Peer 1: 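Take a look at this one; I'll ask things after.
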Amino acid sequence: MNLFSHMLGLVAKALDELAAEGKVASGLDVSRITAEPPRDPSHGDVSTNAAMVLAKPAGLAPRALAELIAGKLTGHADIAAVSIAGPGFINLKLSDAVWPKFLVSLLEQGARFGESRLGAGKKVNVEYVSANPTGPLHVGHCRGAVFGDALAALLTATGFDVTKEYYINDAGAQVDVLGRSAFLRYREALGEDIGEIPAGLYPGDYLKAVGQALAAAHGDKLTKLPEEQWLPVTRAKAIDMMMDLIRDDLAALNIRHEVFFSERSLHESGAVDRVVSGLENKGHIYVGRLAPPKGEVPEDWEDREQTLFRATAFGDDVDRPLKKSDESFTYFASDVAYSADKISRGFRELVYVLGADHGGYVKRLQAVATALAGEGKVDVVVRLCQLVKLFRNGEPVRMSKRAGEFVTLRDVVDEVGPDVVRFMMLHRKNEAPLDFDFAKVTEQSKDNPVFYVQYAHARICSVLRNAGTEGFDGIDPHTADFSLLQDEAEMALVRRLAAYPRLLESAALAHEPHRISFYLFELASEFHALWNKGKEAPQLRFILPAQRLLTITRLAFLTAIRYSMANGLNLLGLTPVEEM
RNA sequence: GCGCCCGUAGCUCAGCAGGAUAGAGCACAGGUUUCCUAAACCUGGGGUCACAGGUUCGAAUCCUGUCGGGCGCGCCA
């Protein structure tokens with residue numbers, strides 16, 4: 001039950017009735033109307049801007065229209081009072097019966113509380129991580145990985161039909177380098193002294209296992225072949241094993257993609273050829289010259305003709321090359337084919353989670369989707385994640401790529417645990433830089449938001465356990481009398497719970513899972529406050545053996561809070577802690 | 001030169017779908033425990049929402065411009 005969309009519905013109904021009576025125009029655009037909790041609780045439970053938004057199209061003064069709408073709402077069973085305030089806000093005070101009904105429905109929904117059909121089954125593809133299969137994931141991949149995963153879960157919970165996808169960049173020069181690096185490790189595994197890894201090859205120890213596997217499978221056969229024959233073998237094996245490594249790393253963070261899509265397969269199936277000639281037939285491709293970028297001109301710039309996609313016709317800043325000077329396709333060409341494949345699979349929205357250094361991709365991805373599917377057919381949503389700065393006790397953690405000293409995703413997860421990583425990665429807006437201090441995130445204090453939220457959940461579980469030993473066993477929400485919840489701290493929590501479904505919807509529409517993390521922090525804060533209030537005022541304690549009905553009610557209330565908290569944590573991919 | 005992101009309290013950041021008097025944590029000062037986890041809570045000061053215009057009944061939020069910071073700009077993926 002979403003109280004706010006319920007109230008929005010009543011407002012819309014009131015407008016329909018007024019239109020039927022000829023008091024306002026019919027067919028007004030109601031899309032900009034909101035029903036939301038007012039910032040100041042003294043204004044009531046729900047506030048709507050309907051009169052202000054519709055005043056002009058209705059040809060009425062805001063307050064006059066507000067009077068008309070208010071007249072229709074007055075007397076409804078769920079509404080205790082209607083008032084008009086300020087420039088034309090309509091403030092609703094809900095009747096006493098609404099909150100108990102809400103809490104009962106929350107408890108009935110349980111683990112599904114907060115879910116909605118907002119997305120109406122729209123097919124959404126969320127592509128995230130998509131790191132090159134040339135080694136283990138490093139810490140820089142953490143944020144996009146967690147963000148994409150939480151976003152996918154959020155969209156799923158709000159009624160979108162989501163596919164979680166990973167694009168494997170297994171074509172091109174970088175995986176050739178990988179294949180050569182693996183070949184070297186293969187010779188090493190056969191007993192050869194390979195000395196220093198030459199510059200230009202991947203030095204990481206993680207390729208030793210690939211070399212050993214190749215040696216076990218092929219003996220010294222490959223050494224007798226020319227490169228064009230052994231490279232496909234070592235490359236394929238290395239990619240395979242690197243992808244296993246990456247899948248393991250992701251699993252350690254509780255991330256599981258549904259589709260792993262191979263770039264190479266697009267070339268081998270001819271999909272790239274097909275999509276390029278398709279664009280050619282539509283006239284979106286031409287041969288021409290690009291102007292060098294202004295400002296710093298690259299030293300090796302060489303003016304030349306190339307095959308270009310007319311991206312500027314679809315809002316991009318420059319046209320994008322499809323073929324390299326050796327006539328092979330560019331990475332961008334396979335990207336086009338990949339977009340086409342996603343579109344052909346029926347996705348109406350393509351979400352890309354990328355690093356902030358990929359900001360330049362946004363327009364070209366949108367341009368491609370428009371050129372392939374037509375204007376407005378497919379939404380392209382690109383979410384950029386800023387860098388994570390690692391600290392240890394306030395000191396920056398230095399990483400040297402040259403020396404191969406980089407902190408892997410696995411290092412971080414092994415040290416602090418997946419829940420801490422996930423929560424912290426989501427406790428900032430994605431486009432804001434994020435500081436991650438190993439010491440702070442494992443601290444057991446309120447300075448550490450992960451702990452603070454988990455502690456609140458554990459405290460609730462603790463009360464429920466204690467209640468069992470006090471003779472309060474099963475909790476039937478229908479025997480609780482929620483009208484007994486009268487304290488302001490209790491009501492604040494009830495209102496906070498009621499905001500959860502709306503929060504999920506707005507977070508989903510904005511593609512901003514971090515809002516859930518902040519919501520959980522606030523919910524925890526209000527719970528801790530209520531808990532401590534019980535120290536000063538024993539009447540507010542949860543377990544009062546002498547007052548059976550009140551205790552049952554409060555236990556049911558706690559269970560409701562617990563659902564909201566657990567559901568939010570689960571959505572972010574954390575396991576709610578029952579005991580600390 | 002062009003494009004994208006960011007600019008909110010001393011610090012780190014929220015600000016929900018344009019709403020009413022802009023919030024939280026840290027830091028600083030003080031207080032709370034015979035009692036469900038004090039691993040917590042309460043009280044207090046602190047703001048030209050970078051700046052200037054515009055749209056609107058209403059702007060931290062949308063648009064334009066300026067300043068400041070980050071990222072990117074053909075034949076890498």
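Note that the structure is a prediction, hence the values are computed from the model and not measured. Order of the sequence lines fixes the chain letters, A, B, ..., with proteins taken first and strands second; residue numbering starts at 1 for each chain.
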Peer 1: With rounding to whole Å, what would you report as the distance between A20(B) and C4(B) at their C1' atoms?
Peer 2: 34 Å
Peer 1: Classify the nucleic acid contact of Pro433(A) as base, sugar-phosphate or nothing, counting any heavy atom under 4.0 Å across all strands shown.
Peer 2: sugar-phosphate
Peer 1: Return the pairing partner of G30(B) with a 3.5 Å limit on both distances, Watson-Crick or G-U wobble; otherwise return none.
Peer 2: C42(B)
Peer 1: According to a strict under-4.0 Å criterion, is Arg515(A) in side-chain N/O contact with OP1 or OP2 of A17(B)?
Peer 2: yes
Peer 1: Answer with base, sugar-phosphate or nothing: what part of the nucleic acid does Leu503(A) contact at a heavy-atom distance below 4.0 Å?
Peer 2: nothing
Peer 1: Can a side chain N or O of His514(A) be found less than 4.0 Å away from OP1 or OP2 on G15(B)?
Peer 2: yes
Peer 1: Sequence neighbours left out, cut at 3.5 Å: what donor-acceptor pairs do the side chains of residues 533-550 of chain A make with other protein atoms?
Peer 2:
unit_1, atom_1, unit_2, atom_2, d
Lys533(A), NZ, Asp487(A), OD2, 2.9
Gln539(A), NE2, Gln547(A), OE1, 3.1

Peer 1: RNA chain B: Gly534(A) or Val362(A), which has the more 5' nearest nucleotide?
Peer 2: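 Upstream on the strand: Val362(A).
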Peer 1: With a cut-off of less than 4.0 Å, is there a side-chain N or O of Lys429(A) near OP1 or OP2 of C6(B)?
Peer 2: no
Peer 1: With a non-hydrogen cut-off below 4.0 angstrom, is Ser525(A) in contact with a base, only sugar-phosphate, or nothing?
Peer 2: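 It contacts nothing in the nucleic acid.
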Peer 1: Using a 4.0 Å heavy-atom cut-off, does Glu443(A) contact any base of the nucleic acid, only the sugar-phosphate backbone, or nothing at all?
Peer 2: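 Contact class for Glu443(A): none.
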Peer 1: Taking CG from Asn532(A) and P from C41(B), how many angstroms apart are they, rounded to a whole number?
Peer 2: 7 Å
Peer 1: Pick the P atom in A9(B) and in G47(B), then give their distance to the nearest Å.
Peer 2: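 One P to the other, the span is 10 Å.
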Peer 1: Who is the Watson-Crick or G-U wobble partner of C76(B), with both distances under 3.5 Å?
Peer 2: none
Peer 1: Would you say Arg541(A) places a side-chain N or O within less than 4.0 Å of OP1 or OP2 belonging to C36(B)?
Peer 2: no
Peer 1: Using a 4.0 Å heavy-atom cut-off, does Arg320(A) contact any base of the nucleic acid, only the sugar-phosphate backbone, or nothing at all?
Peer 2: nothing
Peer 1: Strictly by Watson-Crick or wobble contacts shorter than 3.5 Å, is anything paired with G19(B), and which nucleotide is it?
Peer 2: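 Looking at the geometry, G19(B) pairs with C57(B).
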Peer 1: Quantified in whole Å, what is the P atom distance between nucleotide U8(B) and nucleotide U61(B)?
Peer 2: 14 Å
Peer 1: Across all strands shown, which nucleotide pairs with G68(B) by Watson-Crick or G-U wobble geometry, both distances under 3.5 Å?
Peer 2: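 Result: C6(B).
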Peer 1: May I ask you to say what Asp170(A) touches in the nucleic acid, namely base, sugar-phosphate or nothing, with a heavy-atom cut-off under 4.0 Å?
Peer 2: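 Answer is nothing: Asp170(A) stays at 4.0 Å or more from every strand.
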Peer 1: With a 3.5 Å limit on both atom pairs, tell me what G25(B) is paired to, counting Watson-Crick and G-U wobble, or say none.
Peer 2: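 Partner of G25(B): C11(B).
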Peer 1: Looking only at the aromatic ring of each residue, does the gap between the centers of Phe518(A) and His427(A) stay below 6.0 angstrom?
Peer 2: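 Yes; Phe518(A) has its ring centre under 6.0 Å from that of His427(A).
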Peer 1: Could you measure between the two C1' atoms, the one in C76(B) and the one in C62(B), and give it in whole Å?
Peer 2: 38 Å
Peer 1: Check whether any side-chain N or O of Lys535(A) sits under 4.0 Å from OP1 or OP2 of G31(B), and answer yes or no.
Peer 2: no
Peer 1: Taking atom P in both A29(B) and G69(B), compute the distance separating them and give it to the nearest angstrom.
Peer 2: 35 Å
Peer 1: For a quick check of understanding: with a heavy-atom distance under 4.0 Å over all strands, which category does Lys363(A) fall into, base, sugar-phosphate or nothing?
Peer 2: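 Contact class for Lys363(A): sugar-phosphate only.
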Peer 1: Watson-Crick or G-U wobble partner for U37(B), using a 3.5 Å limit on both distances?
Peer 2: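 None - no nucleotide pairs with U37(B), as no candidate has both distances under 3.5 Å.
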Peer 1: Using whole Å, what does the distance between atom P of nucleotide G70(B) and atom CG of Asp435(A) come to?
Peer 2: 16 Å
Peer 1: Is the ring centre of Tyr452(A) less than 6.0 Å from the ring centre of His528(A)?
Peer 2: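 Yes.
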Peer 1: Base, sugar-phosphate, or nothing for Lys56(A), non-hydrogen atoms under 4.0 angstrom?
Peer 2: sugar-phosphate
Peer 1: Would you say the rings of Tyr519(A) and Phe521(A) are close, in the sense that their centroids are separated by under 6.0 Å?
Peer 2: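 Judged by ring-centre distance (under 6.0 Å), Phe521(A) and Tyr519(A) do not meet the cut-off.
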Peer 1: Between Phe332(A) and Arg320(A), is there a cation-pi geometry (under 6.0 Å to ring centre, at most 45° from the normal)?
Peer 2: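 Output no; distance or angle outside limits.
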Peer 1: Within the structure shown, what part of the strands sits under 4.0 Å from Ala507(A) by heavy-atom distance: base, sugar-phosphate, or nothing?
Peer 2: nothing
Peer 1: Whole Å only: how far is the CG atom of Leu54(A) from the C1' atom of U56(B)?
Peer 2: 15 Å
Peer 1: Heavy atoms under 4.0 Å, any strand shown: does Pro321(A) hit a base, just sugar-phosphate, or nothing?
Peer 2: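 Pro321(A): backbone/sugar contact only, no base atoms under 4.0 Å.
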Peer 1: Which part of the nucleic acid does Ala171(A) contact within heavy-atom distance under 4.0 Å: base, sugar-phosphate only, or nothing?
Peer 2: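 Here Ala171(A) touches the backbone only, sparing every base.
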Peer 1: Looking at the base of A20(B), is there any donor atom on it, or on the side chain of Ser47(A), that sits under 3.5 Å from an acceptor on the other one?
Peer 2: yes
Peer 1: Which part of the nucleic acid, if any, lies within reach of Val53(A) when heavy atoms closer than 4.0 Å are counted: base, sugar-phosphate only, or nothing?
Peer 2: base
Peer 1: Taking the six-membered ring for Trp, is the centroid-to-centroid distance between Tyr166(A) and Tyr128(A) below 6.0 Å?
Peer 2: no
Peer 1: Look at all strands and tell whether Glu522(A) reaches a base, only sugar-phosphate, or nothing, counting heavy atoms closer than 4.0 Å.
Peer 2: nothing
Peer 1: Between Phe261(A) and Tyr338(A) (judged by ring centroids, cut-off 6.0 Å), do the two rings come close enough to count as a pair?
Peer 2: yes
Peer 1: Heavy atoms under 4.0 Å, any strand shown: does Ser445(A) hit a base, just sugar-phosphate, or nothing?
Peer 2: sugar-phosphate
Peer 1: Please determine whether a side-chain nitrogen or oxygen atom of Arg428(A) lies at a distance below 4.0 Å from atom OP1 or OP2 of G15(B).
Peer 2: no
Peer 1: By nearest heavy atom, map Leu434(A) and Tyr361(A) onto RNA chain B; which one lands nearer the 5' end?
Peer 2: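 In this pair, the answer is Leu434(A).
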Peer 1: Ring centroid separation for Tyr352(A) and His358(A), is it under 6.0 angstrom?
Peer 2: no
Peer 1: With a 4.0 Å limit, can you tell me whether Lys446(A) has a side-chain N or O closer than that to the phosphate oxygens OP1/OP2 of C41(B)?
Peer 2: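 So the side-chain polar atoms of Lys446(A) do come within 4.0 Å of the phosphate oxygens OP1 or OP2 of C41(B), strictly under.
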Peer 1: Tyr452(A) side chain N/O closer than 4.0 Å to the phosphate oxygens (OP1, OP2) of C41(B)?
Peer 2: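 Yes, such a contact exists.
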Peer 1: Using the P atom as the reference point in each nucleotide, state the distance between U34(B) and C6(B) in Å, no decimals.
Peer 2: 50 Å
Peer 1: Quick one: is U37(B) close enough that its OP1 or OP2 comes under 4.0 Å of any side-chain N or O from Ser462(A)?
Peer 2: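 Checking Ser462(A) against U37(B): at least one side-chain N or O falls below 4.0 Å of OP1 or OP2.
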